[in-house]
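Accompanying notes for the structure given below.
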Amino acid sequence: MSKPVVAIPADIREIEGNVWHATPNQYVRAAVKGADVLVFLVPALETGNDVDGILDHVDGLLVSGSRTNVHPSLYGREATEADGPFDRARDATSLPLIRRALERGIPLLAICRGIQELNVALGGTLANEIHEQPGMWDHRKPDTPVLDEAYGIRQKVIVREGTCLASVLGAGDIQVNSLHRQAISRAAPNLAVEAVAEDGTIEAVSVIGAKAFAVGVQWHPEYWVGSDQPSNRLFAAFGDAVRAYAAAKQAVAQRSAAE
Ligand SMILES: N[C@@H](CCC(=O)NCCCC(=O)O)C(=O)O
């Protein structure tokens, strides 16, 4: 059996005067090296997405981070200039993919913007510029041109006992990186909070009653896959879930062919 396939919804980026569908290499590298899967990038389309047509060809969904923010209109709020930058095509592509992947039992790992999209897709809300709130830590991307510094491990997160994440990483404290201005404000009804920062920021969730692995994290495990044990374990667990889904799908196809 060939390796299973994971879809990564792309961002819209303007590069050298042209519009690109793009995702940073760190997500592709982590999926290939950490989860041992093949990767398909999904173009970001504001309309015309064939969600089932895409998901028919994949065994997992990896929703990446991005400097852009989910549009507030998607969680019932008026958008202001301060809520940007936006990527409406990304929103229109990833939110339906998240909802439908969960319905079909396709494994999901959502990272940073991805956990925020997961929350909004299921009916939750987001808070912006969280560092401006009293008692909140500054979770923003460090102001440095050096990526290893920007993604440096610098924050404690407490993984709760008895959670999906605890089964992968163990319960208790882990050290993670942090590059976000927004965070989950009201968690969607069917999301379980799995990890929090010391200032109460929700750092990880899982989907209650999910048919398969369905986890979102606010930090960036993809960046240190290969050298950081929690990152390695999370992507290995995601890869195992993707392989299980692919094997089950192939077994169904073989039974149908034999009938
Ligand atoms: N825009 C959201 C999500 C942040 C995120 O995904 N960060 C990763 C990319 C960082 C970068 O390249 O700037 C938020 O700010 O909360």
Side-chain angles (χ1 to χ4, degrees), residues 8-15 20-31 41 44 61-75 77 79-95 97-98 108-121 124-133 136-155 157 176-188 195-197 199-205 215-225 228 231 234-235:
I8 302 179
D11 289 359
I12 290 292
R13 280 283 187 271
E14 293 194 11
I15 305 168
W20 293 52
H21 298 259
T23 198
N25 177 58
Q26 63 209 58
Y27 299 97
V28 176
R29 190 184 66 84
L41 289 195
L61 181 63
L62 174 60
V63 189
S64 71
S66 174
R67 65 183 179 79
T68 63
N69 294 330
V70 180
H71 198 276
S73 62
L74 296 170
Y75 51 96
R77 208 162 56 67
T80 67
E81 199 64 30
D83 292 315
F86 300 122
D87 184 346
R88 304 301 303 270
R90 160 81 188 251
D91 291 340
T93 304
S94 56
L95 269 68
L97 279 172
I98 289 168
L108 166 70
L109 177 56
I111 294 172
C112 205
R113 192 193 207 265
I115 189 180
Q116 297 168 5
E117 289 169 302
L118 170 60
N119 186 51
V120 170
T125 62
L126 305 178
N128 201 2
E129 306 306 337
I130 58 173
H131 57 281
E132 292 175 353
Q133 295 163 22
M136 295 300 287
W137 200 68
D138 190 346
H139 294 255
R140 289 176 297 178
K141 178 181 182 180
D143 183 13
T144 168
V146 179
L147 268 189
D148 281 2
E149 291 174 8
Y151 284 85
I153 302 283
R154 62 193 181 95
Q155 176 193 307
V157 161
V176 300
N177 47 23
S178 184
L179 299 91
H180 61 104
R181 296 162 39 208
Q182 297 196 321
I184 291 175
S185 176
R186 189 185 73 248
V196 293
D199 63 2
T201 299
I202 294 174
E203 291 282 344
V205 297
V215 170
V217 294
Q218 189 60 73
W219 68 90
H220 287 268
E222 83 289 348
Y223 191 84
W224 294 109
V225 160
D228 173 65
S231 303
L234 190 53
F235 268 86

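Numbering of ligands and ligand atoms starts at 1, following listing order. Note that this is a predicted model, so its numbers are computed, not measured.
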Pairs under 3.5 Å, nitrogen or oxygen of ligand 1 with protein nitrogen or oxygen:
residue	atom	partner	partner atom	Å
ligand 1	1 (N)	Ser66	O	3.0
ligand 1	1 (N)	Arg67	O	3.3
ligand 1	1 (N)	Thr68	O	2.8
ligand 1	1 (N)	Asn69	OD1	2.7
ligand 1	6 (O)	Ser66	N	2.7
ligand 1	6 (O)	Ser66	O	3.0
ligand 1	6 (O)	Arg113	N	3.2
ligand 1	7 (N)	Leu179	O	2.9
ligand 1	15 (O)	Arg181	N	2.9
ligand 1	16 (O)	Gln116	NE2	3.0
ligand 1	16 (O)	Arg181	N	3.1
ligand 1	16 (O)	Gln182	N	2.7

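- Arg113 and Asp91 are joined by a salt bridge, as a carboxylate oxygen and a charged side-chain nitrogen come within less than 4.0 angstrom of each other.
- Judged as a ring pair (Phe, Tyr, Trp, His ring centres under 6.0 Å), and not counting sequence neighbours, the contacts of Tyr151 are His220, Tyr223.
- With Gln116 contributing its side chain and Gln182 its backbone, the two residues share a donor-acceptor pair below 3.5 Å.
- With hydrogens and angles disregarded, a donor-acceptor distance shorter than 3.5 Å links the side chain of Asn69 to the backbone of Gly84.
- Asp199 pairs by the side-chain contact (heavy atoms from CB on, under 4.5 Å) definition with Met136, Trp137, His139, Ala197, Thr201, not counting sequence neighbours.
- For His71, the side-chain hydrogen bond (donor to acceptor under 3.5 Å, both in side chains) partners two or more places apart in sequence, or in a different chain, are Ser73, Arg88.
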